[in-house]
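I have placed the structure first, in the form of structure tokens, so that the comments after it can refer back to it.
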Amino acid sequence: MLEKTFDPKSVEPRLYLKWETSGLFAPKADAKAAPFSIVIPPPNVTGSLHVGHALNNTLQDVLTRFHRMRGEAALWLPGTDHAGIATQMVVERQLAAKGNEGRREMGREAFVKKVWEWKGESGGAIVRQLRRLGSSCDWSRERFTLDEGLSAAVRKVFVTLHKEGLIYRDKRLVNWHPELQTAISDLEVENVEVNGHMWRFRYPVEGADGQSIVVATTRPETMLGDTAVAVHPDDERYKALVGRMVRLPLTDRLIPIVADAYADPEKGTGAVKITPAHDFNDFQVGKRHNLPLINVFTPEARMNDEVPPAYRGLDRFEARKRVVADLDALGALDGVENHRLMQPFDEKSKSVVIEPYLTDQWYVDAATLAKPALAAVEDGRTVIEPKNWEKTYFEWLRNIEPWCISRQLWWGHRIPAWYGPDGHAFVEETEAAAIAAARVHYGSAQPLVQDEDVLDTWFSSALWPFSTLGWPEKSADLARFYPTSVLITAGDIIFFWVARMMMMGLHFMGEVPFRKVFLNALVLDDKGQKMSKVKGNVIDPLELIDAYGADALRFTMVAITGQTRHVRLSRQRVEGYRNFGTKLWNAARFCQMNECVSDEAFDPGAAKLTVNRWIRSETVRTIAEVTAALEACAFDDVAAALYRFIWNVFCDWHLELAKPVLNGDDEAAKAETRVMTAWVLDVCLKLLHPVMPFLTEELWDKLAEFGAKRTCMLIVAPWPEAPAAWIDDAAREEVDLVIEAVTEGRSVRAELNVPPSARPPLHLPEVSKAHRAIYEANEAVIASTLRISELKFTPAPAGSIPFVVDGDTLALPVAEFVDLEAEKARLRKAIGELDSDIERTRKKLDNPDFLSRARPEVVEENRERQAEAEAAKAKLQGALQRLEGLG
RNA sequence: GGGCGGCUAGCUCAGCUGGUCAGAGCGUCUGGUUUACACCCAGAAGGUCGGGGGUUCGAACCCCUCGCCGCCCACCA
């Protein structure tokens, strides 16, 4: 006998271990099986499972398990990302906390070794947590972005793109992180609106006594690097000044006034200071006018030696104050206002101001790679869902900028470039190859120095779909599983990752990396707030698993995933789905108590009893519904269909309707109902397994204690078929009628739950008021469905309604239950309502506009509805007549 | 500045290409010691589908407009 409730805590670890050790997570080797593959969005090794992971890995697991049960060679390939900046910072912080010497003191080699040590000790947390969630990843294929294999792929890609001219070195402005002292990509910058000031400075025009031009700025310290002032060519105010020079205060440098359309007469004063080395726009202006670039910052964003001695070594914000004060003292400060401005911060800490900074970096020609990536989505080789993300994807790729891929970090893939004594770069996959190339180039062996930088973490991530499958080797996995079937990831990395995988996959494999991209929503808290440690509203999925079990959390994740970009997670909802699991558990318990044992030889198609033919129909419909929803990634529909069927159909109705049969003494009927019920329960377990793997697997096992043993674990049990022939419309109509009757009335079920010996008469009038007439018209059907023939009816007193059950005319006392007049009034009212329905529909059907405009099936529906309404009306009228005859 | 979402019962959300679409879950209230389940069962209340206008025989669903809320992108005068 099953316990009263499911105990996730003891079952989950046991089952997971059983699955994993059975090797069932690996795709079957059977070459005939259709491949299905997903590569995991590799979580950072430093990470721990957050709700976003819980959501997106649940969805991946649901699909993987579904396809596995369908007999496909289902591969879910797991792995982790070395996460350059994040990991390096974690280890640095840890070193500092332990009082060890810092990164720079210990040197590159020692530091990297430390990081590897750290990875070995602490890097496994996230994959253990994925297991707790129930993720059926093939751990034998687990990869890490810094694996030797993946590193080889990275080098090959880098070298190939370089040879193709798609990777190049360039000196231009980058987003510079002054604290980490590394370049970061555009995407790693977050613009935040902050309160600031707008200062106006007067720059004296040289040779024009007393005349000056007023420029506005939010970053006064950069004025020390100004190399021009720009005005709009058509700006009448300044036309005369174009070509003149101004004397830059504090520096005494002479800089020109140039005409450039970039200067917006509407903004500020219409004259804008140009600092080509510290502003992306100014950089462009500088290029157009051939202006010198004066870098005034050190890598830590302190003032360097290009500025007058008084400012050297000052932090940029300190320098800002000093510059303003000094200009004010000189009388060059024209004014200052409060100003809201967008300031770039680093998106991780959101506290470090990013500076445009002039450096040499490696770039990918993203615009060229973007073209095939655009085309692939445009022509549907890859489908992005929800569809509305496609526009976002197109927009970004169409306006893409060169991708800065070098980082001044130590943890990551070192750039495979070696420099000769004259600075010439040899880009090769190995140092040996670089040396060889240098020998050819120089005509003799020369000492080479490898580039100090590493690659942006996203560079290796971009190769993930094929590098993890063995590329550049021509591996069997690569041939079999690329392109992958679907990618499930969070929408916020569509640029960082999805778009770049598309670019790299198409370029190196000549084929899209995935057929479908499903972008899951951002998980908010129950109040719709973004979760953040600062706000303290972070929901910990592991804590939810502890409290309600992994299955409940998983079901919740599936249920909240629709077409929207945001979903809210509430404990209450998880609790509700835990209850759902318990409901099924108890249904199974009921089945077990009633000896409902599944039988492989049972043919559901041969069922005779109405109630059994009915539940078979409902089951088949549900199988079709769930299957279709899974195929379409309509996860909310999957959850809704399962919930409704298992709770509201199977438990609420089938088990209730089966009770009288199971408690009766028609042995044939009992036997059929038992085996059918067991069959339906098995189907429930199978359909629910992808979403709630633990509970279902446990029941699958426990239910086989009696009866035949299972031939396999549920995880690899065949997905149920849905033969249309098993849908029995007649049975469905009959039982629908009963359900409708019961639902409209009080509670037949309450009566049926009483042991047969103690049962009072069936309170028909209580069953249905409005539908009593219909009920009467179908009494025989109902009787056979519910097997109420076993009930003992009290003898009919005078003035009772005749009631036919299994050929015997019984009678129900009327006076006791029915107010005849009220009943007649109800019937008349119902008839009246039907009449107006019929009238309305008739009008519609007579309307030529409707007939010509509405779709044919809608017209057909209306016709059917009309016929039904008329039939119902006839029935009601018959019933009314009968009642009138009694009166 | 550009783009994208959302605004449907107290709360969270379903409502497919216009024609039983005004729904579900939770919450609330009422009633249940029904031997699978109180993590349960039965029932009730509650919404002019953000406002306004339009198209249509018919609109929560299409168009226009306004209003909030949120997100993403954008060269920080």
Side-chain angles (χ1 to χ4, degrees), chain A residues 2 4-6 186-187 191-194 196 198-200 215-219 222 230 262-264 266-273 279-285 339-344 353-354 356 386 388-389 391-392 395-396 399 491-492 494-495 522 524 526-530 548 552 559-560 562-570 572-573 575-594 634 636-637 640 643-644 648 651-652 655-656 659 743 746-747 749-755 837 841 843-844 847-850 853-855 858-859 861-862 865:
Chain A
L2 290 167
K4 254 197 157 178
T5 53
F6 171 63
D186 299 346
L187 291 172
N191 291 302
V192 182
E193 197 177 47
V194 297
M198 169 111 79
W199 288 271
R200 288 191 310 274
V215 296
T217 182
T218 55
R219 294 191 304 156
T222 63
Y262 163 67
D264 182 351
E266 305 294 315
K267 278 186 181 168
T269 62
V272 55
K273 63 192 267 311
D279 184 286
F280 289 101
N281 293 310
D282 294 5
F283 184 79
Q284 298 301 326
V285 176
H339 183 68
R340 296 284 290 170
L341 68 144
M342 296 296 279
Q343 201 167 27
V353 176
I354 299 303
N388 58 40
W389 279 101
K391 197 160 181 176
T392 310
E395 207 53 36
W396 188 70
N399 300 304
D492 58 4
I494 185 170
F495 305 140
L522 181 70
L524 308 173
D526 56 347
K527 293 184 185 64
Q529 298 283 310
K530 226 172 174 165
Y548 304 109
I560 61 180
Q563 298 291 302
T564 52
R565 291 191 175 194
H566 307 279
V567 292
R568 299 188 189 196
L569 177 66
S570 73
Q572 201 179 39
R573 197 139 180 201
E575 189 179 337
Y577 292 133
R578 187 271 319 264
N579 296 353
F580 169 66
T582 308
K583 184 72 180 175
L584 176 62
W585 182 267
N586 276 291
R589 199 158 169 260
F590 172 86
C591 292
Q592 202 182 47
M593 287 168 135
N594 283 282
D636 47 352
D637 290 347
Y643 191 94
R644 212 164 290 155
N648 303 120
C651 292
D652 285 355
L655 294 186
E656 295 302 334
K659 279 175 185 174
T743 308
R746 275 295 141 74
S747 81
R749 266 186 285 172
E751 304 301 331
L752 293 175
N753 279 331
V754 177
D837 270 1
T841 310
K843 247 186 178 168
K844 193 189 270 192
N847 185 339
D849 282 324
F850 170 65
R853 283 163 180 270
R855 288 165 304 154
V858 171
V859 176
E861 270 173 29
N862 276 276
R865 204 180 305 145

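Numbers restart at 1 for each chain; the letters A, B, ... are given by sequence-line order, proteins then strands.
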key: First encountered from the 5' end of RNA chain B, between A:K4 and A:F580   = A:K4

query = How far apart are the closest heavy atoms of A:L655 and A:A587, and which atoms are they?
reply = CD1-CB, 3.8 Å

query = When rounded to the nearest Å, what value does the distance between P atoms of B:C40 and B:G25 take?
reply = 12 Å

message = On a heavy-atom basis, which atom in A:V272 and which in A:V215 lie closest, and how many Å separate them?
response = C-CG1, 4.2 Å

key: Nucleotide paired to B:C26 in any strand shown, Watson-Crick or G-U, under 3.5 Å   = B:G10

ask   = Whole-Å distance between B:C4 C1' and A:D492 CG?
value = 15 Å

ask   = B:A36 phosphate, OP1 or OP2: any side-chain N/O from A:N594 under 4.0 angstrom?
value = no

ask   = Can you check the A:D652 CG to B:A36 P distance for me, whole Å?
value = 15 Å

ask   = Can any side-chain N or O of A:R589 pair as donor or acceptor with the backbone N or O of A:L2 at less than 3.5 Å?
value = yes

Nucleotide forming a Watson-Crick or wobble pair with B:U48, both distances under 3.5 Å = none

For nucleotides 75-77 of chain B, print each protein N/O atom paired with a nucleotide N/O atom at under 3.5 Å, atom names and distance only.
{"residue": "B:C75", "atom": "O4'", "partner": "A:N281", "partner atom": "ND2", "Å": "3.4"}
{"residue": "B:C75", "atom": "O2'", "partner": "A:N281", "partner atom": "ND2", "Å": "2.1"}
{"residue": "B:C75", "atom": "N1", "partner": "A:N281", "partner atom": "OD1", "Å": "2.9"}
{"residue": "B:C75", "atom": "O2", "partner": "A:N281", "partner atom": "OD1", "Å": "2.6"}
{"residue": "B:C75", "atom": "O2", "partner": "A:N281", "partner atom": "ND2", "Å": "3.1"}
{"residue": "B:C76", "atom": "O2'", "partner": "A:T218", "partner atom": "OG1", "Å": "3.2"}
{"residue": "B:C76", "atom": "O2", "partner": "A:M342", "partner atom": "O", "Å": "3.1"}
{"residue": "B:C76", "atom": "N4", "partner": "A:R219", "partner atom": "NH1", "Å": "3.2"}
{"residue": "B:A77", "atom": "OP1", "partner": "A:H339", "partner atom": "NE2", "Å": "2.9"}
{"residue": "B:A77", "atom": "N6", "partner": "A:Y262", "partner atom": "O", "Å": "2.8"}
{"residue": "B:A77", "atom": "N6", "partner": "A:D264", "partner atom": "N", "Å": "3.3"}
{"residue": "B:A77", "atom": "N1", "partner": "A:D264", "partner atom": "N", "Å": "2.9"}

query = Contact class for A:K273 vs. all strands (heavy atom < 4.0 Å): base, sugar-phosphate, or nothing?
reply = nothing

ask   = Is there a Watson-Crick or G-U wobble partner for B:G70 with both distances under 3.5 Å, and if so, which one is it?
value = B:C4

key: Atom-to-atom span, CH2 of A:W389 to C1' of B:G3 - whole angstrom   = 12 Å

inquiry  = With rounding to the closest Å, how many angstrom separate the C1' atoms on B:U20 and B:A60?
reply    = 15 Å

message = Please report the distance separating the C1' of B:A42 from the corresponding atom of B:U34, rounded so that it comes out in whole Å.
response = 11 Å

key: Nearest-Å distance once atom C1' is located in both B:C4 and B:A9   = 28 Å

Approximate separation, where rounding is to 0.5 Å, of A:T217 OG1 and A:D279 CG = 8.5 Å

request  = Can you label the angle between the A:Y577 ring and the A:Y643 ring as parallel, tilted or perpendicular, going by 30° and 60°?
outcome  = perpendicular

task = Please determine, for B:G31, whether a Watson-Crick or G-U wobble partner exists with both distances under 3.5 Å, and give it or none.
result = B:C41

ask   = When rounded to the nearest 0.5 angstrom, what distance separates CG in A:N579 from CG in A:N586?
value = 11.0 Å

request  = Write down the distance separating the P atoms in B:C68 and B:C21, rounded off to the nearest Å.
outcome  = 35 Å

query = What nucleic acid atoms does A:K583 come within less than 4.0 Å of, heavy atoms only: base, sugar-phosphate, or nothing?
reply = base

query = If each of A:K391 and A:L655 is mapped to the nucleotide of RNA chain B with the nearest heavy atom, which maps nearer the 5' terminus, i.e. the 5' end?
reply = A:K391

query = What interatomic distance, in whole Å, is found between C1' of B:G67 and the corresponding atom of B:G53?
reply = 15 Å

ask   = Given atom CZ of A:F6 and atom C1' of B:A36, what is their separation to the nearest angstrom?
value = 17 Å

task = Could you tell me which non-hydrogen atom of A:Y548 sits nearest to which non-hydrogen atom of A:R578, and how far apart they are?
result = O-CG, 3.5 Å

Residue pair A:W199 / A:T218: nearest heavy atoms and the distance that separates them = CZ3-O, 3.6 Å

task = Would you kindly give the CD-to-C1' distance between A:E395 and B:G1, to the nearest whole Å?
result = 13 Å

task = Take the protein atom CH2 of A:W585 and the nucleotide atom P of B:C40, then report the distance between them rounded to whole Å.
result = 17 Å

ask   = Is the distance from OP1 or OP2 of B:U12 to the nearest side-chain N or O of A:R568 less than 4.0 Å?
value = yes

A:L522 CG to B:G6 P, straight-line distance once rounded to whole Å = 15 Å

query = Expressed in whole Å, how much space separates the P atoms belonging to B:C11 and B:C63?
reply = 28 Å

key: Minimum-distance pair of heavy atoms, taken over all atoms of A:T5 and A:W585   = C-NE1, 3.6 Å

Closest non-hydrogen atom pair, A:R219 against A:K273 = O-NZ, 4.3 Å

note = Heavy-atom contacts, protein to nucleotides 23-32 of chain B, under 4.0 Å, summarised as B (base), S (sugar-phosphate only) or - (none) per nt, yield --SSS-----

request  = Check the distance between B:C11's C1' and A:I560's CD1 and give it to me in whole angstrom.
outcome  = 15 Å

query = So how far is it from A:D186 CG to A:F280 CZ, rounded to the nearest 0.5 Å?
reply = 6.5 Å

ask   = Given the C1' atoms of B:A14 and B:A24, what is the spacing between them in whole Å?
value = 7 Å

